[in-house]
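Within every chain, numbering begins at 1; the chains are lettered A, B, ... in the order of the sequence lines, protein sequences first and strands thereafter.
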Amino acid sequence: MIQECHMKARVRYAPSPTGLQHIGSVRTALFNYLFARSVGGTFILRLEDTDRTRSSDVFVKNLYDTFKWLGFYWDEGPDVGGPVGPYTQSERFALYREHAERLVGLGKAYYCFCADDKGARKDEPEEERGEADAQAPAGFGYQRTCRNMDPAEASRRSSSGEPHVIRLKIPLDGVTGFDDLLLGRIEWKNADVNPDPVLLKSDGFPTYHLANVVDDHLMGITHVMRAQEWIPSAPLHMIMYEAFGWEPPKLCHLPMVHGEDGHKLSKRHGATAVDEFRKKGYLEAALINYVAMLGCSYEDGRDIFSLDDLSRLFSIDHINKAPAVFDYAKLEWFNGQYIRMLSDAQLVERITPFMIDASLVWSPPNEQEEAVLLGAAPLVKERLKYLSDAPEALRFLFLAPELPPLSDFVPKKFDTARTALALSAARDLLLTVDVSNHDATEAASRAKAEELGIKLGDLLLPLRVAVTGTRVSPPLFQSIAVLGTAKAVARADKAIAALKAAD
RNA sequence: GUCCCCUUCGUCUAGUGGUUAGGACACCGGGUUUUCAUCCCGGCAACGGGAGUUCAAUUCUCCCAGGGGAUGCCA
């Protein structure tokens, strides 16, 4: 029975294009997607662009780009179409007034001609608003001034062109509630519900509340999964469903995502736009995996899950009720895990855009650069935290490094003269070995170090600095094998000269 | 202020009416190692408080506290 019901499940992600896609919103989208997939349902995108002043096409484009990159997409939406379109609310404009008027006709809503002083308040300094709130008389919000206006008069004033909004009549007494799929029964006394919220704004556009209820119903949405910050608006939605005589969808309020200070995740805490994560060099699989684990867990002891795994395993009873803190360090660990799971060819493909941006290779890379990247891939795979770390780590393979400060060459307890000696020995050794034969090269190096009475690390450090320009690099012999012995020797010669000159 | 939601290591979490309360990240030690990293081993560290139910409560109930969210012609 439940199974059958789920077969028809329709869920939606309903963002408003007023900003870059936020990691928290994307998590909501993901949970909806996973729920749909887990029960064989349909995942729908609906654009809630009813705020004319803040909505923008650049954010719509960012939305599409983001989800194409993430690799999970909607079955119905503005760009892919579907049976209950249009899926963009501004294209459904007429629908909302129609429905708002219907409620007025039913006596469940009313015209309001009060000036928009509430709206203006958002421009006031925070402190003044706080004082105003503190001084507010008993009750809160709108004072229901127009609620009892004679309907005939209201109708006359509105048709004469007087600016107005339409407000929902919240019952003065009684109780409204619903059964949350995750949280259980939640109820309010109607006296505590936001008094008579605006349904239709004076510009004729609907507010979120109206558009959301009308469209969810018209689009056959069966389950609404959204963040817990929406809980307080649930009763007014329920009152609207009741007023329309519609069956409400099942509601499930997801735990919120916080920053480390316990507040709603925001820019102050670090990257929040998915775009920022992409540019920083996170893999989409890592981001999805991490975000799916926020407030959720599946098999004890397992933390790596693919999108397919999650689609199969998702279930509301694995979701936690408490908010989760977004831990950038743990996300970084996930990213490292996923980078290491890449094949060499895949890693090359993923780091190439970053190499191009850093002007280290051509766009597209030529054959030789391609070969170098492929040879270097296994050397850096377990060293990268982000794809964006690649240019710095691989720079020396494409450009001769500037001569580092001489002190960088000098091992502990060495002086420059002795360093020059060690470097010369290492340099000469390069000419006698085949660096592509790693074991033989290492054996020869050990023998040489022993012969000189120094540690292998001390023999290699000056050479490493000469060849790579830094004390920290991928494994030296393999790096030289990719770079080419001739270049390595030339860099060593330059360093030797500098060390001797300093003596 | 009012309403609503939440509460296991620093963080993400597992878990049960009787457990040495488990794992992961982070952190700290140690090992492997040509640097760094990876990898391996070990360590640190939690049931918010108070009542009640019970032979027994981290687990069930209630209260409190703390945290968060909402209180817009933004979503």
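Distance noted for atom C1' between rC27(B) and rA70(B): 37 Å (whole Å). Nucleotides rU13(B) and rG48(B) have their P atoms positioned 15 Å apart, rounded to a whole Å. The same atom, C1', is picked in rU71(B) and in rU19(B); the two are 45 Å apart, to the nearest Å. Using atom C1' as the reference point in both rC9(B) and rA46(B), the two lie 4 Å apart (nearest Å). When the P atom is used for both rU7(B) and rC12(B), the distance is 12 Å, rounded to whole Å. Going from the C1' atom of rA75(B) to that of rA37(B) covers 44 Å, rounded to whole Å. Separating the C1' atom of rC44(B) from that of rG50(B) is a span of 30 Å, rounded to the nearest Å. Going from the P atom of rU20(B) to that of rC25(B) covers 26 Å, rounded to whole Å.
In the region residues 208-217 of chain A, proximity to RNA chain B at under 4.0 angstrom, judged on heavy atoms, holds for Tyr208(A). Residues from residues 13-31 of chain A with heavy atoms under 4.0 angstrom of RNA chain B, sorted by number: Ser16(A). For the segment residues 51-64 of chain A, residues with any heavy atom less than 4.0 angstrom from an atom of RNA chain B are, sorted by number, Asp51(A), Arg54(A).
Using N1 to N3 plus N6-O4 or O6-N4 for Watson-Crick, or N1-O2 and O6-N3 for G-U wobble, each under 3.5 Å, rC36(B) pairs with nothing. Both distances falling under 3.5 Å, in either a Watson-Crick or a G-U wobble arrangement, occur for no nucleotide opposite rG17(B). Within the shown strands, nothing qualifies as a pairing partner of rU58(B) under the Watson-Crick or G-U definition with both distances less than 3.5 Å. Remark: rA65(B) base-pairs with rU7(B); criterion is Watson-Crick or G-U wobble with both hydrogen-bond distances under 3.5 Å. Across all strands shown, rC28(B) is found opposite rG42(B) as a Watson-Crick or G-U wobble partner, with both distances under 3.5 Å.
The side chain of Ser202(A) has rC73(B) as its nearest neighbour among rC12(B), rC73(B), rA14(B). Closest approach to the Ile186(A) side chain among rC5(B), rG10(B), rC3(B) is made by rC5(B) (side chain taken as heavy atoms from C-beta onward). Checking rC6(B), rG10(B), rU13(B) against every side-chain atom of Leu183(A), the shortest atom distance belongs to rC6(B). When the nucleotides rA14(B), rC73(B), rU11(B) are ranked by their closest atom to the side chain of Ser297(A), rA14(B) comes out on top. The Asp327(A) side chain lies nearest to rU11(B) when the options are rU11(B), rA70(B), rA24(B). Picking from rA75(B), rA26(B), rC12(B) the nucleotide with the shortest atom distance to the side chain of Ala324(A) gives rC12(B). In the set rU35(B), rC4(B), rG23(B), the nucleotide with an atom closest to the side chain of Trp188(A) is rC4(B).
In this model, the phosphate group of rC39(B) is approached by a side-chain N or O of Arg340(A) to a distance below 4.0 Å at OP1 or OP2. The side chain of Lys201(A) places an N or O atom within less than 4.0 Å of a non-bridging phosphate oxygen (OP1 or OP2) of rC74(B). Note on Gln337(A): every side-chain N or O is 4.0 Å or more away from OP1 and OP2 of rA37(B). Distances shorter than 4.0 Å separate some side-chain N or O of Asn320(A) from OP1 or OP2 on rA14(B). Put simply, Lys264(A) has a side-chain N or O that comes within less than 4.0 Å of OP1 or OP2 on rA70(B). Phosphate proximity of rC74(B) to Thr50(A): absent, as no side-chain N or O sits under 4.0 Å from OP1 or OP2.
Remark: the backbone N or O of Leu95(A) is paired with a side-chain donor or acceptor of His99(A) at under 3.5 angstrom.
Applying the ring pair (Phe, Tyr, Trp, His ring centres under 6.0 Å) test to every pair with at least one member in residues 428-482 of chain A, sequence neighbours left out, gives these pairs: His438(A)-Phe477(A). Applying the salt bridge (charged side-chain N to carboxylate O under 4.0 Å, His left out) test to pairs two or more places apart or on separate chains, those with a residue in residues 249-264 of chain A are Glu229(A)-Lys264(A), Asp261(A)-Arg268(A). Counting only residues at least two apart or on different chains, the salt bridge (charged side-chain N to carboxylate O under 4.0 Å, His left out) pairs with a member in residues 450-471 of chain A are Lys448(A)-Glu451(A). Within the structure, salt bridge (charged side-chain N to carboxylate O under 4.0 Å, His left out) contacts touching residues 315-339 of chain A (residues at least two apart or in different chains) are Glu332(A)-Lys385(A).
For the pair Leu182(A) and Asn320(A), the minimum side-chain heavy-atom distance is 4.5 Å or more.
Atom-to-atom, CD of Glu229(A) to P of rC5(B) comes out at 16 Å; the value is rounded to the nearest Å. Summarising the geometry, the separation between NE2 on His253(A) and P on rA70(B) is reported as 13 Å, rounded to the nearest angstrom.
In this pair, Phe326(A) and Phe277(A) present their aromatic rings tilted. The plane angle is within the 30 to 60° band.
Among Ser56(A), Ser55(A), Ser16(A), Ser90(A), the one residue that satisfies the side-chain hydrogen bond (donor to acceptor under 3.5 Å, both in side chains) test with Asp49(A) is Ser90(A).
By the salt bridge (charged side-chain N to carboxylate O under 4.0 Å, His left out) test, Arg54(A) pairs with Asp51(A), sequence neighbours left out. With sequence neighbours left out, Glu392(A) forms a side chain to side chain contact (heavy atoms under 4.5 Å, CB included) with no residue at all. Residues passing the side chain to side chain contact (heavy atoms under 4.5 Å, CB included) test with Val224(A), sequence neighbours excluded: Arg12(A), Asp216(A), Ile221(A), Arg226(A), Pro249(A), Leu251(A). Residues forming a ring pair (Phe, Tyr, Trp, His ring centres under 6.0 Å) with Phe178(A) (at least two apart in sequence, or on another chain): His253(A).
Residue-to-nucleotide proximity on RNA chain B shows that, of Arg464(A) and Gln228(A), the 5′-proximal contact is made by Gln228(A). Comparing Val165(A) and Val472(A) against RNA chain B, the residue whose closest nucleotide sits nearer the 5' end is Val472(A).
Not a single donor-acceptor pair, N or O on each side, falls under 3.5 Å between the base of rC36(B) and the side chain of Ser473(A). Counting distance only, with no hydrogens placed and no angle test, the side-chain atoms of Lys385(A) and the base atoms of rA37(B) include no donor-acceptor pair under 3.5 Å.
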For residues 420-429 of chain A, dump all side-chain donor-acceptor pairs below 3.5 Å to protein atoms at least two apart in sequence or in another chain.
residue   : atom : partner   : partner atom : Å
Ser424(A) : OG   : Ala420(A) : O            : 2.9
Arg427(A) : NE   : Asp493(A) : OD1          : 2.6
Arg427(A) : NH2  : Asp493(A) : OD1          : 3.4
Arg427(A) : NH2  : Asp493(A) : OD2          : 3.3

request  = Could you give me the CA-CA distance, side-chain angles and deciding distance for Gln89(A) and Asp215(A), then say whether side chain to side chain donor-acceptor pair (under 3.5 Å) is met?
outcome  = CA-CA 8 Å; Gln89(A) 289 185 327; Asp215(A) 286 343; 2.8 Å; yes
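Within the 4.0 angstrom heavy-atom criterion, no nucleotide atom of any strand lies near Pro197(A). Across all strands, Gly295(A) comes closer than 4.0 Å only to sugar-phosphate atoms, never to a base (heavy-atom distances).
Under the 4.0 Å criterion applied to side-chain N and carboxylate O atoms, Arg185(A) and Asp180(A) are not assigned as salt-bridge partners.
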